[in-house]
Amino acid sequence: QTHLVQSGGGLVQPGGSLRLSCAASGGSFSGRVVAWFRQPPGKEREFIACVRSDGRTYYADSVKGRFTISRDNAKITSYLQLNNLKPEDTTVYYCGVGNVILSQIRRSESYTSWGQGTQVMVSS
């Protein structure tokens with residue numbers, strides 16, 4: 001099973017930017033979907049974005065135009081660039097990897113490996 005290690009995150013003012021990273025070890029991204037979710041306390045994990053092996057990207061409406069997902073297969077790393085952050089973006093963010101068909105990409109249950117989570121806090 002692929003082990004995912006996240007980095008990045010932290011405290012930023014509204015309108016600011018952060019970049020989250022998700023690095024894999026013991027596996028690869030080859031042929032697999034890499035996704036980012038976030039999970040507010042007491043709520044279900046929410047789909048943010050994903051990138052397929054062919055490079056196609058998909059986003060939740062709430063982050064479209066502000067967040068950008070990418071993947072570097074050579075480095076086995078995915079990035080989530082967060083721009084124009086809002087206080088409601090405050091929560092823990094997770095990356096996930098799996099062999100996921102298109103119709104299931106927004107479901108957290110579709111992903112078999114997860115990072116440890118990283119906190120993003122947007123506050124003035």
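Numbers for residues simply follow the sequence, beginning at 1. No experiment lies behind these values; they were computed from the predicted model shown.
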Quick check: closest heavy atoms across G31 and N99, and the distance to 0.1 Å? O-OD1, 3.9 Å
Between atom CG of L82 and atom OG1 of T68, what is the distance when rounded to the nearest 0.5 Å? 9.0 Å
Which heavy atom of V12 sits nearest to which heavy atom of S17, and what is that distance? CG2-N, 3.8 Å
Carefully, step by step, assess F47 and Y59 under the rule ring-ring contact (aromatic ring centres under 6.0 Å, His included). CA-CA 8 Å; F47 173 81; Y59 294 92; 8.3 Å; no
So do L85 and L18 actually touch side chain to side chain, heavy atoms under 4.5 Å? yes
Can you check side chain to side chain contact (heavy atoms under 4.5 Å, CB included) on Y94 and T118, steps first, answer last? CA-CA 7 Å; Y94 296 89; T118 186; over 6 Å; no
Taking the side chain from S110 and the backbone from Q104, do they hold a donor-acceptor pair closer than 3.5 Å? yes
Should Y93 and V122 be regarded as members of a common hydrophobic cluster, given that ILVMFWY residues are connected when their side-chain heavy atoms come within less than 4.5 Å of each other, either directly or indirectly? yes
Is it true that D89 and K86 have a side-chain N and a carboxylate O under 4.0 angstrom from each other? no
For V97 versus V34, what's the shortest heavy-atom pair and its separation? CG2-CG2, 4.2 Å
For R71 and S53, what are the C-alpha separation, side-chain angles and deciding distance, and is it a side chain to side chain donor-acceptor pair (under 3.5 Å)? CA-CA 9 Å; R71 62 191 283 166; S53 57; 5.5 Å; no
Can you list the steps and then say if R19 with Y79 is a side chain to side chain donor-acceptor pair (under 3.5 Å)? CA-CA 7 Å; R19 189 175 82 157; Y79 304 97; 4.8 Å; no
Side chains of N84 and R66: does their closest heavy-atom pair fall under 4.5 Å? yes
Min side-chain heavy-atom separation V120-L11 under 4.5 Å: no
Taking K75's backbone N and O only, do any of them form a donor-acceptor pair with T77's side chain (distance below 3.5 Å, no angle check)? yes
Is L20 linked to Y58 within one hydrophobic cluster, defined over Ile, Leu, Val, Met, Phe, Trp and Tyr using a side-chain heavy-atom separation of less than 4.5 Å? no
Donor-acceptor check, side chain of R106 to backbone of L102, threshold 3.5 angstrom: yes or no? no
Can you name the nearest heavy-atom pair linking L4 to A24, along with the distance? CD2-CB, 3.7 Å
Contact summary for E46 and S62, nearest pair of heavy atoms: OE2-OG, 4.1 Å
Gap separating the CD atom of Q6 from the SG atom of C22, nearest 0.5 angstrom: 5.5 Å
Would you find a donor on one side and an acceptor on the other, under 3.5 Å apart, between the side chain of R52 and the backbone of I101? no
Looking at every non-hydrogen atom in both residues, tell me the closest pair between V63 and I48 and how far apart they are. CG2-O, 3.6 Å
So, does S124 use its side chain to make a donor-acceptor pair with the main chain of Q13 at under 3.5 Å? no
Looking only at atom types and distance, does a side-chain atom of T91 sit under 3.5 Å from a main-chain N or O of R38, one as donor and one as acceptor? no
Set out, in order, the CA-CA distance, both residues' side-chain angles and the distance that settles side chain to side chain contact (heavy atoms under 4.5 Å, CB included) for S21 and S7, then state yes or no. CA-CA 5 Å; S21 299; S7 59; 3.4 Å; yes
The test is side chain to side chain donor-acceptor pair (under 3.5 Å); show your working for S108 and W114 and say whether it passes. CA-CA 10 Å; S108 62; W114 290 96; over 6 Å; no
Should F37 and V51 be regarded as members of a common hydrophobic cluster, given that ILVMFWY residues are connected when their side-chain heavy atoms come within less than 4.5 Å of each other, either directly or indirectly? no
Measuring from W36:CH2 to R45:CZ, what's the distance to the nearest 0.5 Å? 12.0 Å
Are I76 and I69 co-members of a hydrophobic cluster defined by side-chain heavy atoms under 4.5 Å apart? yes
Any side-chain to backbone donor/acceptor pair from Y111 onto C95? Under 3.5 Å, distance only. no
Assess whether atom CD of E109 is packed by more than 12 heavy atoms of other residues, nucleotides or ligands within 6.0 Å. yes
